[in-house]
2 protein chains.
Amino acid sequence: MKVSDPKNGIQEVLDNSWIFKDFSAEDKVAVAENSSLVRYHSKDILFRQHTRTSHAMYVVSGLVKVYKESGAGHSVTLKIISGNQFVGLDTIYAESEYQYSGSAIVDTIVLIIDFGTFNNLVLSNGRFALDLIRMLSKDSLYIFQRLNSQTHKQLPGRIADVLLYLSEEIFHSYAFEFPLTRHELAELAGTTKESFIRTINEFKHDKIIQLEGRKVEIKSLDIVKILSELG
Amino acid sequence: MKVSDPKNGIQEVLDNSWIFKDFSAEDKVAVAENSSLVRYHSKDILFRQHTRTSHAMYVVSGLVKVYKESGAGHSVTLKIISGNQFVGLDTIYAESEYQYSGSAIVDTIVLIIDFGTFNNLVLSNGRFALDLIRMLSKDSLYIFQRLNSQTHKQLPGRIADVLLYLSEEIFHSYAFEFPLTRHELAELAGTTKESFIRTINEFKHDKIIQLEGRKVEIKSLDIVKILSELG
DNA sequence: GTAACAGGGTGATATAAATCACCTTTTTCT
DNA sequence: AGAAAAAGGTGATTTATATCACCCTGTTAC
């Protein structure tokens, strides 16, 4: 990681990102003076499970994988964070140690804000607090869906979910490039590399998707949605 | 459901529950004038998935099961809410329709607060907003754990988790009575009634727990914890 | 009063997907 | 450049657990 051109970059973020742009001048100054803009490249770790929490992190651009590691090399990917969202908010508010890890999956710029400053903003700026509550709520609901998926759907349904998640929530296009290895995609679908590969290749054979290496295109959205719904 | 002795009951709740008790006099009045105290009995539904959200609900006493129904009679129980917590906060903040259902599993008293009033409190009372953020965050982390469990642990581990959850988080005792049928417990463990019964009866045979009908007692906490950790 | 249902329970069978054991190709490292 | 490691892939085998098909008991309903 390396710190980029300091103050000017921060000011730009504060003036453009939806969450900060309507802040009062004083609030912007408070953030600007107590944060730093950091650039991570692919595979860099932003924070690691079981280490002490210390800052609030706002992803300016890029993609971050949030995952939980539990003994024996098993991991679950909880979510992918794209630009203009906070990472790790829940864990810094609920525990003194990170309850999951976060790593950049492409080059990523993060605004790292001093926790005390951040917290004072929550206390004094109701609008900001409300926005955070909305974001945390949306996150919760997504994980509820994941839990439901993992509990009741079988593989094809879960893989359809991954395809829909990446296309609709992350890339906003039905043609995109997997930013993750098959192994990591499997962790997002709650399965193993082998099973993921087999199932996605079946999708390809059945012409539901087009697939070459990491390039995918959903060809039959209806079928993907049916697979997701029927589990 | 029936509305109980109105104003006096509400005042008592506001003066005693940790979240409201330090409110200013005006804030308490605002809540008191825009909420009602409702008593549900076991099996009553507080709110149902896919219906419009409208109020904030604070569980004064009792137990509420929060569950997601997905086609074909499959449900997952997301969490059990006990006294002095909000139910459904995330869904009212993120969506216009409930994303899950909530039903009382024992007699339960709920303070139902007008959403507009509630929202104004969030905007004007930073302390309150912060408390909500902390609660939402804790909830999120719990579901992350559940997702991890469901993805990587096999049945004995998940059932150990249910036992630990109920004893440590809900009843605060290693001897308690299941407030749910075996079928519902299975939905909390992400399995079927049959598999739940078999596994819990094995625990009984192995003297890890004592079990008679709905009465359970964890006899060997170490083993339960090991089962939970090893999955 | 007995039918019907919900709850608790058991055994046999089926099956989805994990695991194991490889192989090939591509990328990374020194 | 060449070795080592990571990524992508395939087939055979194993296994945990869902599913099916029941049974019994107690409660609720008409």
Side-chain angles (χ1 to χ4, degrees), chain A residues 41-44 65 70-77 103 105-106 148-162 177-205 209-216 227 230-231, chain B residues 41-43 65 70-77 103 105 148-162 177-205 209-216 227 230-231:
Chain A
H41 24 41
S42 185
K43 286 171 190 158
D44 284 352
K65 177 177 80 162
S70 42
H74 289 298
S75 293
V76 214
T77 297
S103 68
I105 56 183
V106 297
N148 187 55
S149 245
Q150 191 63 37
T151 306
H152 293 306
K153 292 184 191 177
Q154 49 198 66
L155 245 185
R158 299 205 310 268
I159 290 186
D161 284 345
V162 168
E177 207 160 318
F178 285 132
L180 301 166
T181 66
R182 307 285 144 130
H183 180 84
E184 290 174 302
L185 289 166
E187 288 179 341
L188 191 53
T191 182
T192 55
K193 184 194 66 164
E194 295 94 320
S195 296
F196 183 90
I197 290 172
R198 273 186 256 271
T199 307
I200 202 136
N201 283 340
E202 267 173 45
F203 284 13
K204 183 188 179 180
H205 259 97
I209 59 168
Q210 212 174 287
L211 180 68
E212 287 146 73
R214 290 190 177 198
K215 281 188 201 122
V216 229
L227 282 167
L230 296 186
Chain B
H41 23 40
S42 184
K43 284 171 191 158
K65 176 178 80 162
S70 43
H74 288 297
S75 293
V76 214
T77 297
S103 68
I105 56 185
N148 186 55
S149 243
Q150 192 63 37
T151 306
H152 294 306
K153 293 184 190 176
Q154 49 196 66
L155 247 185
R158 299 203 312 267
I159 291 187
D161 284 344
V162 168
E177 206 160 318
F178 285 132
L180 300 166
T181 65
R182 308 284 144 134
H183 180 84
E184 290 173 301
L185 289 166
E187 288 178 342
L188 191 53
T191 182
T192 56
K193 183 194 66 165
E194 294 94 322
S195 297
F196 183 90
I197 290 172
R198 273 186 256 272
T199 307
I200 202 140
N201 282 341
E202 265 173 47
F203 283 14
K204 182 187 179 180
H205 259 96
I209 59 168
Q210 211 173 289
L211 179 69
E212 288 146 72
R214 291 192 176 195
K215 279 187 203 125
V216 229
L227 281 167
L230 296 186

Are the side chain of [X] and the backbone of [Y] linked by a donor-acceptor contact shorter than 3.5 Å?
X: His152(B); Y: Ser75(A); value: yes
X: Thr151(A); Y: Val76(B); value: no
X: Ser42(B); Y: Ile105(B); value: yes
X: Arg158(B); Y: Gly190(B); value: yes

Pick out the pairs of N or O atoms, protein on one side and nucleotides 13-15 of chain C on the other, that lie under 3.5 Å.
none

[N] [atom2] sits how many Å from [X] [atom1], rounded?
X: Lys204(A); N: dG8(D); atom1: NZ; atom2: P; answer: 13 Å
X: Glu187(A); N: dA7(D); atom1: CD; atom2: C1'; answer: 14 Å
X: Leu155(B); N: dA16(C); atom1: CG; atom2: C1'; answer: 15 Å
X: Gln150(A); N: dA16(C); atom1: CD; atom2: P; answer: 17 Å
X: Ile159(A); N: dA16(C); atom1: CD1; atom2: P; answer: 15 Å
X: Lys153(A); N: dT17(D); atom1: NZ; atom2: C1'; answer: 21 Å
X: Gln154(A); N: dT19(D); atom1: CD; atom2: C1'; answer: 12 Å
X: Arg182(A); N: dG9(D); atom1: CZ; atom2: C1'; answer: 10 Å

Exercise. Would you mind reporting whether His41(A) and Asp44(A) have side-chain heavy atoms less than 4.5 Å apart?
Key: yes
Quiz item: From dA17(C), dT10(C), dG8(C), pick the nucleotide closest to the side chain of Arg158(A)?
Solution: dA17(C)
Quiz prompt | Side chain of Arg214(B) (C-beta onward), nearest among dT17(D), dG8(C), dA18(C) | solution = dG8(C)
Quiz item: Taking protein heavy atoms under 4.0 Å as touching, what does nucleotides 24-30 of chain C look like 5' to 3' if B marks base contact, S marks sugar-phosphate-only contact and - marks none?
Solution: -------
Practice problem: Take nucleotides 25-30 of chain D nucleotide by nucleotide from the 5' end and write B, S or -, depending on whether a protein heavy atom sits under 4.0 Å from the base, only from the sugar-phosphate, or from neither. | Solution: ------
Residues forming a side chain to side chain contact (heavy atoms under 4.5 Å, CB included) with [X], sequence neighbours excluded:
X: Gln154(B); result: Pro156(B)
X: Glu202(B); result: none
X: Ser149(A); result: Lys153(A), Asp161(A)
X: Glu177(A); result: Arg214(A), Lys215(A)

Quiz item: Side-chain N or O of Asn201(B) less than 4.0 angstrom from OP1 or OP2 on dG8(C)?
Solution: no
Practice problem: Starting from the first five and the last five pairs of the helix from dG1(C)-dC30(D) to dT30(C)-dA1(D), work out the angle between the resulting helix axes, to 10 degrees. | Solution: 50°
Quiz prompt | Sole residue of Asn201(A), Ile159(A), Val216(A) in side chain to side chain contact (heavy atoms under 4.5 Å, CB included) with Ile209(A) | solution = Val216(A)
Approximate separation, where rounding is to 0.5 Å, of [X] [atom1] and [Y] [atom2]:
X: Thr199(B); Y: Leu155(B); atom1: OG1; atom2: CG; result: 4.5 Å
X: His205(A); Y: Leu211(A); atom1: NE2; atom2: CG; result: 11.5 Å
X: Ile200(B); Y: Leu185(B); atom1: CD1; atom2: CG; result: 7.0 Å

Practice problem: Sequence neighbours left out, what pairs pass salt bridge (charged side-chain N to carboxylate O under 4.0 Å, His left out) with at least one residue falling in residues 180-191 of chain A? | Solution: Lys65(A)-Glu184(A)
Quiz item: Looking at DNA chain C, which of residues 191-200 of chain B put a heavy atom within less than 4.0 Å of it?
Solution: Lys193(B), Glu194(B), Ile197(B), Arg198(B)
Exercise. Hey, could you give me each pair passing ring-ring contact (aromatic ring centres under 6.0 Å, His included) that has a residue in residues 178-202 of chain A? Not counting sequence neighbours.
Key: Phe176(A)-Phe178(A)
Quiz item: With Ser195(B), which residues qualify under side chain to side chain donor-acceptor pair (under 3.5 Å), at least two apart?
Solution: Thr192(B)
